[in-house]
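Structure, as structure tokens:
We name chains A, B, ... by the order of the sequence lines, and we start the count at 1 in each one.
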Number of protein chains: 2
Amino acid sequence: MIELSKAEFEVLDALWINYPATASQIIERLSGDKQWHEKTIKTLLSRLVKKGALTFEKDGRQYIYTPCMERADYTLKESQNFIERFFSGRIAPLVSGFAKSEQLSQQDINELKKVIDDWEKNQK
Amino acid sequence: MIELSKAEFEVLDALWINYPATASQIIERLSGDKQWHEKTIKTLLSRLVKKGALTFEKDGRQYIYTPCMERADYTLKESQNFIERFFSGRIAPLVSGFAKSEQLSQQDINELKKVIDDWEKNQK
DNA sequence: AAAAATAGATTACAGGTGTAGTCTTGAATT
DNA sequence: AATTCAAGACTACACCTGTAATCTATTTTT
């Protein structure tokens with residue numbers, strides 16, 4: 001699995017919003033929440049390319065970036081990894097931890113029920 | 001939140017198995033899965049102390065370590081953090097990702113149902 | 001055409017991390 | 001008593017990360 005740092009992921013996440021995109025578009029998207037200098041974001045883009053998380057095509061002097069993987073695939077792998085490390089690969093203890101500390105809303109519960117429902121339908 | 005590296009967490013995790021414990025006991029516990037040098041583990045113990053994740057009492061020339069927090073509390077915070085970063089704080093999309101990629105077993109589903117059940121009982 | 005802006009490439013640099021090795025000191029062994 | 005062992009302290013060192021600044025080669029702008 002490609003290992004991305006937090007900052008790298010956030011840049012990639014901005015690209016996932018809509019791609020392909022140029023560096024300036026990505027910088028623009030990040031300008032709201034992050035106080036990152038333009039140079040910082042460009043460094044992160046280079047590192048993402050180096051790690052194989054992005055590719056680009058040249059358009060004159062600019063690069064047009066595209067992610068090499070889908071967000072859902074990446075987050076799934078990260079999730080598996082996380083759950084393996086902290087909960088020996090079982091997902092219920094994670095959810096249970098949330099439940100016990102009052103972190104679950106009725107909406108979360110409804111959504112979880114739906115996930116279970118869909119899963120069961122799929123088994124038939 | 002105290003930030004622990006992967007290796008640091010694994011050492012702390014070995015302590016959580018049973019504590020208080022000495023360095024040699026922890027090294028013993030880790031000797032199965034990890035190929036860590038004894039010195040490596042001791043370095044990690046020092047770093048954990050420095051970060052405030054452990055304390056110790058002296059027993060002659062040895063230290064007897066105790067975690068400063070409970071595993072469940074630590075993993076809950078890590079989980080919140082993780083879910084915030086990757087799923088905007090919502091837990092269902094994580095579970096849903098697992099479901100879609102056939103990562104859920106019937107046992108997982110049963111456990112999740114129980115968590116939901118317990119949550120609902122608790123609401124009444 | 002000269003100057004200024006801009007794209008990416010390269011360099012920087014401190015703090016974290018994995019992974020030990022060496023140093024110091026007191027305890028155990030011969 | 002002298003030597004060896006072992007505990008923790010301190011040092012090491014390369015790679016990763018966050019966070020840019022500088023360099024180089026165009027494009028724009030004046």
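The distance from atom CD of Gln35(B) to atom C1' of dG18(C) is 15 Å, rounded to the nearest whole Å. For the pair Leu30(B) CG and dG18(C) C1', the computed distance is 14 Å after rounding to whole Å. Leu45(B) places its CG atom 15 Å from the P atom of dA20(C), with the value rounded to the nearest Å. Spacing between atom CH2 of Trp36(A) and atom P of dA21(D) amounts to 16 Å, rounded to whole angstrom units. Put simply, CG on Leu44(B) is 7 Å from P on dG18(C), counting in whole angstrom units. Atoms CD1 (Ile41(A)) and C1' (dT17(D)) sit 16 Å apart, rounded to a whole Å. In this structure, the NZ atom of Lys58(B) is 11 Å from the C1' atom of dA9(D), given to the nearest Å. Between the C1' atom of dT17(D) and the CD atom of Glu10(A) lies a distance of 13 Å, rounded to the nearest Å.
Under the 4.5 Å side-chain criterion, counting only non-hydrogen atoms from C-beta, Ile83(A) is in contact with Leu94(B).
Within the structure, salt bridge (charged side-chain N to carboxylate O under 4.0 Å, His left out) pairs that include any residue of residues 102-116 of chain B comprise Arg90(A)-Glu111(B), Glu120(A)-Lys113(B), Lys114(B)-Asp118(B) (at least two apart or interchain). The side-chain hydrogen bond (donor to acceptor under 3.5 Å, both in side chains) contacts involving residues 55-72 of chain A comprise Asp13(A)-Arg71(A), where partners must be two or more places apart or lie in separate chains.
Under the side chain to side chain contact (heavy atoms under 4.5 Å, CB included) criterion, Asn81(A) pairs with Met1(A), Arg85(A), Lys6(B), not counting sequence neighbours. Under the ring-ring contact (aromatic ring centres under 6.0 Å, His included) criterion, Tyr74(B) pairs with Phe9(B), sequence neighbours left out.
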Protein-proximity profile, nucleotides 4-17 of chain C, B/S/- by nucleotide at the 4.0 Å heavy-atom cutoff, equals --BBBS--B----S
Please tabulate, for the side chains in residues 40-47 of chain A, all donor-acceptor contacts under 3.5 angstrom to protein atoms that are two or more places apart in sequence or on a different chain.
unit_1	atom_1	unit_2	atom_2	d
Lys42(A)	NZ	Glu38(A)	OE2	3.4
Thr43(A)	OG1	Lys39(A)	O	3.0
Ser46(A)	OG	Lys42(A)	O	3.0

